[in-house]
Amino acid sequence: MSTESLRIVWIYPDLLSTYGDRGNALILARRAQLRGMPAEVLEVRSDEKLPTTADIYLIGGGEDGPQALGAQRLIADGGLHRAVAQGSVVFGVCAGYQLLGTSFFAKGARCTGLGLLDISSDRGPIRAVGELAGEVDPRLGIPHLTGFENHGGRTHLGADVSPLARVTAGVGNDGTTEGAWRGKLLGTYSHGPALARNPALADLLLRWATGIHQLPALDDTWAERLRSERRAAVAAAARP
Ligand code: GLN
């Protein structure tokens with residue numbers, strides 16, 4: 001960790017907070033604090049300079065216009081690139097995931113992304129809205145992913161990234177894979193917010209940020225109850 005306290009930056013709440021993903025910052029801070037690690041969440045608006053020394057950067061979902069503007073401002077700022085070069089963790093959801101790639105579509109136009117992940121996004125035939133579930137890359141050591149998706153984009157992965165999961169329900173990137181990761185950068189289509197629905201994913205980000213491989217276990221009864229309820233609902237919906 002770069003400071004005494006774990007520093008979590010919530011990027012551009014004025015543009016990329018449409019889908020409730022701010023909850024991811026609360027979950028990370030709470031899970032750190034429950035283990036005795038002080039944590040602070042810094043919200044950085046799109047007219048402010050991004051600090052470059054935080055441990056974890058979170059980018060949420062957003063509509064096309066704010067997504068395009070957010071990408072332009074992040075590129076102009078340059079701070080996220082510097083933070084990544086210094087080893088910070090980045091977690092992007094939906095619009096925040098797409099804009100980490102080389103390009104994405106917004107309002108019918110191709111937009112330049114940050115180029116931090118080897119992915120590019122275009123548009124799908126229909127909007128993907130509903131439950132999203134998948135079997136996670138076993139190297140990440142986390143169980144089944146659950147979430148809610150709401151996006152028009154489809155994402156194509158290059159050779160330099162790995163899919164986060166294989167889709168078992170919903171669309172994700174393209175109906176086959178969901179999300180992507182490389183090093184300490186990870187993106188997903190899962191809202192929900194993702195870290196409330198997938199506590200093990202929150203702990204993965206905390207492990208990456210702190211370098212602590214064995215985090216003390218927490219009582220995740222409520223999250224697990226929600227996960228099993230949603231899995232059962234997805235399975236029931238899939239039955240003929
Ligand atoms: N605007 C993007 C899309 O529709 C992202 C949407 C979102 O963040 N939920 O694909």
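Predicted, not measured: the structure shown is a model, and the values here were computed from it. Whatever order the structure lists them in is the order used to number ligands and atoms, beginning at 1.
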Which segment of [X] sits under 4.0 Å of ligand 1 when only heavy atoms are counted:
X: Lys107; result: neither
X: Gln67; result: side chain
X: Tyr19; result: side chain
X: Asn150; result: backbone

Quick one: do [X] and [Y] make a salt bridge, cutoff under 4.0 Å?
X: Arg227; Y: Glu224; value: yes
X: Glu131; Y: Arg230; value: yes
X: Asp77; Y: Lys49; value: yes
X: Lys184; Y: Asp55; value: no

Any idea which protein heavy atom is nearest [atom], and the distance to it?
atom: atom 10 (O) of ligand 1; answer: Gly153 N, 2.8 Å
atom: atom 4 (O) of ligand 1; answer: Gly152 N, 2.9 Å
atom: atom 1 (N) of ligand 1; answer: Asp64 OD1, 2.7 Å

For ligand 1, is there an N or O atom under 3.5 Å from any N or O atom of Ala95? yes
Val93 N/O under 3.5 Å from ligand 1 N/O: no
Quick one: sort the Tyr189 and His151 rings into parallel, tilted or perpendicular, breaks at 30° and 60°. parallel
Assess the side chains of Arg110 and Ser103: does a donor N or O sit below 3.5 Å from an acceptor N or O? yes
Residue from Leu186, Leu185, Asp203 passing side chain to side chain contact (heavy atoms under 4.5 Å, CB included) with Trp208: Leu186
Applying a strict 4.0 Å limit to heavy atoms, is Glu149 in contact with ligand 1? no
